[in-house]
Asker: 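Take a look at this one; I'll ask things after.
Every heavy atom of this structure was used, including side-chain atoms; hydrogens, water molecules and symmetry mates were not. By convention in this document, chain letters (A, B, ...) are assigned in the order of the sequence lines, proteins followed by strands, and residues within each chain are numbered from 1.
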Amino acid sequence: MDPSDPAISYEASFRDAVQEAYLKLGIASRPIMERPRSGQADLCLVTFAVSGETGLEPGKIAEEVKELIGSDPRWTLEACGGYLNCTFDPVRFVKETGDHLWKRRKDPGQGSPTGKKVIIEHTSANPNGPFHVGRARNPIIGDTLVRLLRLYGHEVESQYWVNDMGKQVMILAWGIKNIPPGELGEPGREKADHHMVRYYQAANERMESDTDVQEEINELLRNYEDAVGDQDLGRIISGKGRPVITASDVREAVREVLSGMVVSLDRLGVHLDTFVYESQVVEDRSLQDVIEGLRKSPLCREEDGASFLDLSEKMKGGDDDKYKRRFVFTRSDGSALYTTRDLAYHSWKLSRCDRAINVLGEDHRYQSQMLSLALSELGSTGVPEVVFYAFVSLPGGKMSTRRNRVVFLDDLLDEAVERAREEVEKRRDDLTTGELSSISEAVGIGALRFNVIKVQPEKRMVFRWEEALNFEGASAPFVQYSHARACSIIKKHGVEFDGTPDWSLLVEPSEISLLRTLGRFPQVIEEAASKRKMHLVPLYLVELASSFNDFYRDCPVLAESNEDRRDTRLALVVLSRSILKKGLGALGITAPEQM
RNA sequence: GGGCAUGUAGUCUAGCAUGGUCAAGGCGACAGCCUCCUAAGCUGUAUGUCUCCGGUUCGAAUCCGGACAUGCCCGCCA
């Protein structure tokens, strides 16, 4: 909250004035205010609810409050039925808004440091093959949240939790050791993850048809866990008496696949600060601490040598014995499970930040709830906050790697950029190859990210090329286009206007409306970040771009004969450019200067 | 069997925590706008039992109860 922001201070002042009037009328309730969408006022007080408290008609209350507040140069009030409409003084409010924005034009919307450290875990896909779009929302949502919270003022670290201890990873590693490359088909593309996934697939097939292989892999997995637990990564691990692999080999395989996956993330504009390996919590023994901690919980039970927390009292549903809520943390043989390692990771993570946020698919809701309960049993001060997203499905049903009903993220990225390139080429024939490809990349990838973020994560999405790569209407290119128009005007003018604009020269409705829309940017960022409502940003940007387009249509800038007015309009263009760029940046979308 | 999530024009989405002045946009459809700072733009028209049934209220897309539909989950797997 920036008290020097007129958009905030006007509202606060009006609220205070109403509150004071309410007190005089003997009304204790908090004033109910809203911003009318229809635009007949900037703010309005709704008095119906407090009518009972005073015995007065709602319309009468509005009148009384208006009288009590009296006149104020900042606004005019109008009682209208049960509403008290407050309209900010156009000249004064526009001037203050403009001045405020102009002061911060270099870094609009940047919140002051909160001093809070936030760790955001996202993506965390199993490192056994390329990303497919069923889960592509995860890195986009996660990375956007990272950017948004940084803009808000938090210190943010992004983490990828790498599952390098599971069966899938062992299947992959086994495949690399046992399947001759000659038996593999051609890779989908020249990229480490596409190369390596063939070993995983081939090993999977082998395992399905051969129970010996299955047993061997299970045994390897168990011995692998032991080797890591003993901090002996060089030990040669056997399966069914056959020495096969070392823990280092497994890690190497994982790193190799991951390197390919990171290439895709880079292209998407997604950056991860830290990769935390699952094996780390085993190696550093923090897993053992967690297991011992859980054993002390009053909820801890044992059955056939396995240990678990009985959570049936803490979780809804499941009276049936078959559906008991149990958080199993050691097997009968004493070994740990994935969830136990995840718990150790979270315990470590929470100790290193003020707040942890996880981005997870909706299939993890139940697991995540258990994890939080287990964390509380460990005496953890906090639990992670989770952003869940629904899966992306294909028009014919869900995506399935096994049935080959998948769209790979890499293919989606290629297609996005290719379609963007066609559009650019339609319009421009004067670009260098470098310009063409950087614009296509920005537009294609931007369109994709924008379309993911503009819908709330919990809503299901059906993947359709036309929608995922929508280039018009409410889309990234629409916003980028307005930005390019702004850049074009400034470029054409030659020198960047850097004086002091006289906002009172703004007279056209569309230019005033533009300035006021620009003024809302900090509040939008604040609300989107604090309430984790990322979709508010694209929504706002479309509104801003649209407002800029209206201005562009109605108000000639360079052709304006009055020099002072021209300069003021130039200032408006500079602000628009700056905020459009910053807003897109918060979504991880680049804003080309031309397109 | 149970838990959780979602349900808004042909279609996709916003609005729902704090009920309130005409349910807001995009796509698609139809009709227009480039001698003028990039038409990826702009203007206009048509299209709605806000899934259904009850309840609370002066007032419900919004709150409560109950249905229905769809998705996800309920392993000593990850």
Side-chain angles (χ1 to χ4, degrees), chain A residues 30 32-34 36-38 40-41 44 46-49 51-52 58 80-83 85 126 163 165-169 278 303-308 315-320 322-326 328-333 335-339 341-342 361-367 369-370 388 390-391 393 398 420 423-424 426-428 443 447 451 454-456 458-462 464 466-467 470-482 484-493 531 535-536 539 542-543 545-546 549-550 552-560 569 573 594-595:
Chain A
R30 203 170 57 91
I32 296 171
M33 303 223 293
E34 59 178 40
R37 303 179 207 302
S38 33
Q40 63 268 64
C44 93
V46 187
T47 61
F48 295 91
S51 164
C80 177
Y83 303 92
N85 289 332
N126 278 331
N163 302 154
M165 293 217 64
K167 195 164 188 171
Q168 305 198 30
V169 167
E278 195 180 328
E303 194 176 286
D304 304 329
S307 304
F308 62 90
M315 291 176 83
K316 279 193 177 176
D319 302 333
D320 207 318
K322 191 176 148 199
Y323 301 113
K324 274 265 191 286
R325 271 46 181 145
R326 292 178 170 183
V328 180
F329 59 92
T330 58
R331 296 191 182 93
S332 300
D333 66 2
S335 63
L337 290 85
Y338 166 79
T339 39
R341 293 188 287 271
D342 198 17
E362 60 182 344
D363 54 336
H364 284 75
R365 276 183 196 273
Y366 172 79
Q367 195 54 246
Q369 198 191 345
M370 278 205 176
F388 291 106
F391 291 120
S393 60
K398 56 195 275 195
E423 295 299 318
V424 182
K426 253 190 239 171
R427 292 158 238 259
R428 303 286 296 268
V443 169
N451 280 306
K454 81 176 177 192
V455 334
Q456 305 186 44
E458 61 269 23
K459 298 256 191 179
R460 292 198 285 271
M461 290 181 100
V462 177
R464 293 188 189 87
E466 319 82 73
E467 282 172 26
N470 174 29
F471 285 177
E472 50 190 24
S475 71
F478 176 85
V479 180
Q480 288 167 320
Y481 184 67
S482 294
R485 278 178 151 180
C487 290
S488 169
I489 292 172
I490 294 163
K491 190 177 169 195
K492 212 154 240 180
H493 181 65
K531 297 182 184 166
H535 69 284
L536 294 179
L539 226 54
V542 166
E543 200 184 326
S546 187
N549 289 336
D550 290 344
Y552 187 91
R553 176 197 61 212
D554 298 336
C555 307
V557 178
L558 303 180
E560 171 59 45
R569 285 183 174 165
V573 175
Q594 54 169 339
M595 56 191 281

Asker: Given atom CD of E472(A) and atom C1' of G41(B), what is their separation to the nearest angstrom?
Answerer: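 Atom-to-atom, E472(A) to G41(B), this comes out as 10 Å.
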Asker: Contact class for K426(A) (heavy atom, under 4.0 Å): base, sugar-phosphate, or nothing?
Answerer: nothing
Asker: Compare every heavy atom of V328(A) with every heavy atom of T339(A), then report the nearest pair and how far apart it is.
Answerer: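 Of all heavy-atom pairs spanning T339(A) and V328(A), the closest is OG1-O, 3.8 Å.
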Asker: With a 4.0 Å cutoff (strictly under), does any side-chain N or O of S488(A) reach OP1 or OP2 of C37(B)?
Answerer: no
Asker: How far does the C1' atom of A24(B) sit from the matching atom of U62(B), given to the nearest Å?
Answerer: 15 Å
Asker: Between G2(B) and G20(B), how far is it from one P atom to the other, in whole Å?
Answerer: 35 Å
Asker: Determine the interatomic distance between C1' on G55(B) and the same-named atom on U13(B); round to the nearest Å.
Answerer: 30 Å
Asker: Can you name the nearest heavy-atom pair linking N163(A) to E278(A), along with the distance?
Answerer: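 Between these two residues, the closest heavy atoms are CA-OE1, 3.0 Å.
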Asker: Name the orientation of the base relative to the sugar in C42(B): syn if the glycosidic angle is within 90° of 0, else anti.
Answerer: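 Classified anti.
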Asker: Looking at S307(A), is its backbone amide N or carbonyl O close enough to the side chain of T330(A) to form a donor-acceptor pair, meaning the two atoms are under 3.5 Å apart?
Answerer: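 Checked: pair present.
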Asker: Could you tell me how far C22(B) sits from G15(B) if I compare only their C1' atoms? Round to whole Å.
Answerer: 15 Å
Asker: Using whole Å, report how far CD1 of I32(A) lies from C1' of A17(B).
Answerer: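 Rounding to the nearest Å, CD1 of I32(A) and C1' of A17(B) are 14 Å apart.
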Asker: Within the structure, does a side-chain N or O atom of R553(A) lie under 4.0 Å from either OP1 or OP2 of U43(B)?
Answerer: yes
Asker: When we call it a touch if two heavy atoms are under 4.0 Å apart, what does V328(A) touch: a base, just sugar-phosphate, or nothing?
Answerer: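 If one applies the 4.0 Å heavy-atom cut-off, V328(A) turns out to touch the sugar-phosphate alone, with no base involved.
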Asker: Please tell me which of Y481(A) and N163(A) maps to the more 5' nucleotide of RNA chain B, matching each residue to the nucleotide holding its nearest heavy atom.
Answerer: Y481(A)
Asker: Between G82(A) and P58(A), which heavy-atom pair has the shortest distance, and what is it?
Answerer: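 Heavy atoms of G82(A) and P58(A) come nearest at CA-CB, 3.8 Å.
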Asker: Would you say the base of U70(B) and the side-chain of R460(A) have a donor-acceptor pair closer than 3.5 Å?
Answerer: yes
Asker: Where does A46(B) fall, syn or anti, if syn means a chi angle no more than 90° from 0?
Answerer: anti
Asker: Roughly how far apart, to the nearest Å, are G3(B) and A67(B) at atom P?
Answerer: 10 Å
Asker: Under 3.5 Å for both pairing distances: what stems, at least three Watson-Crick or G-U pairs long, include RNA chain B?
Answerer: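 RNA chain B forms these stems: B:1-7 with B:68-74, B:10-13 with B:24-27, B:29-33 with B:41-45, B:51-55 with B:63-67.
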Asker: When the distance from CG of N470(A) to P of U13(B) is rounded to whole Å, what number comes out?
Answerer: 13 Å
Asker: Whole angstrom is fine here: how far is it from CD in Q456(A) over to P in U8(B)?
Answerer: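 Between P of U8(B) and CD of Q456(A): 13 Å.
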Asker: Rounded to whole Å, please give me the gap between CZ in R325(A) and C1' in G1(B).
Answerer: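 Going from CZ in R325(A) over to C1' in G1(B) covers 11 Å.
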Asker: Would you kindly check whether a donor in the side chain of S332(A) faces an acceptor in the base of C76(B), or vice versa, at under 3.5 angstrom?
Answerer: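 When only heavy-atom distances are counted, S332(A) does reach the base of C76(B) through a donor-acceptor pair under 3.5 Å.
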Asker: Are U21(B) and Y83(A) stacked, with the base six-membered ring and the side-chain ring centres under 5.5 Å apart and planes under 30°?
Answerer: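 Yes, the aromatic ring of Y83(A) stacks with the base.
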Asker: Does this structure show an ion pair linking R365(A) with E362(A), if we count only N-O contacts that are shorter than 4.0 Å?
Answerer: no
Asker: Please determine, for the side chain of Y552(A), which listed nucleotide (C76(B), G26(B), A39(B)) has the closest atom?
Answerer: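 In terms of side-chain proximity for Y552(A), the closest of C76(B), G26(B), A39(B) is A39(B).
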Asker: Side chains of R485(A) and N549(A) only: does a donor on one sit below 3.5 Å from an acceptor on the other?
Answerer: yes
Asker: When you match R464(A) and H364(A) each to their closest nucleotide on RNA chain B, which lands nearer the 5' end?
Answerer: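 Of the two residues, R464(A) wins.
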Asker: So, does R427(A) get its side chain near the phosphate of A40(B), meaning an N or O under 4.0 Å from OP1 or OP2?
Answerer: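 So the side-chain polar atoms of R427(A) do come within 4.0 Å of the phosphate oxygens OP1 or OP2 of A40(B), strictly under.
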Asker: Roughly how many Å is it from CD in E458(A) to C1' in U70(B), rounded to a whole number?
Answerer: 16 Å
Asker: Between C4(B) and U57(B), how far apart are the C1' atoms? Round to whole Å, please.
Answerer: 30 Å
Asker: With sugar-phosphate meaning primed atoms plus P, OP1 and OP2, does D333(A) contact a base, only sugar-phosphate, or nothing at under 4.0 Å between heavy atoms?
Answerer: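 If one applies the 4.0 Å heavy-atom cut-off, D333(A) turns out to touch nothing in the nucleic acid.
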Asker: Distance between the C1' atoms of C58(B) and C53(B), in whole angstroms?
Answerer: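 My reading of the C1' atoms in C58(B) and C53(B) gives 23 Å.
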Asker: Does a side-chain heavy-atom distance below 4.5 Å link E467(A) with M461(A)?
Answerer: no
Asker: Classify the nucleic acid contact of V169(A) as base, sugar-phosphate or nothing, counting any heavy atom under 4.0 Å across all strands shown.
Answerer: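 The residue V169(A) makes no contact with any strand.
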Asker: Between atom CG in D550(A) and atom P in A39(B), what is the gap in whole Å?
Answerer: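 D550(A) atom CG is separated from A39(B) atom P by 14 Å.
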Asker: Give a yes/no answer on whether the side chain of K459(A) brings an N or O atom under 4.0 Å of OP1 or OP2 in A14(B).
Answerer: yes
Asker: What's the gap between G25(B) and U8(B) when it is taken at their C1' atoms, as a whole Å value?
Answerer: 13 Å
Asker: Taking CG from N549(A) and C1' from G25(B), how many angstroms apart are they, rounded to a whole number?
Answerer: 15 Å
Asker: OP1 or OP2 of A78(B) versus the side-chain N and O atoms of R331(A): is any pair under 4.0 Å?
Answerer: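 Affirmative; the distance criterion is met.
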Asker: Can you tell me how far CG of L337(A) sits from CE of M165(A), rounded to the nearest 0.5 angstrom?
Answerer: 11.5 Å
Asker: Mind checking E303(A) for me? I need base, sugar-phosphate or nothing, with any heavy atom below 4.0 Å counting as a touch.
Answerer: base
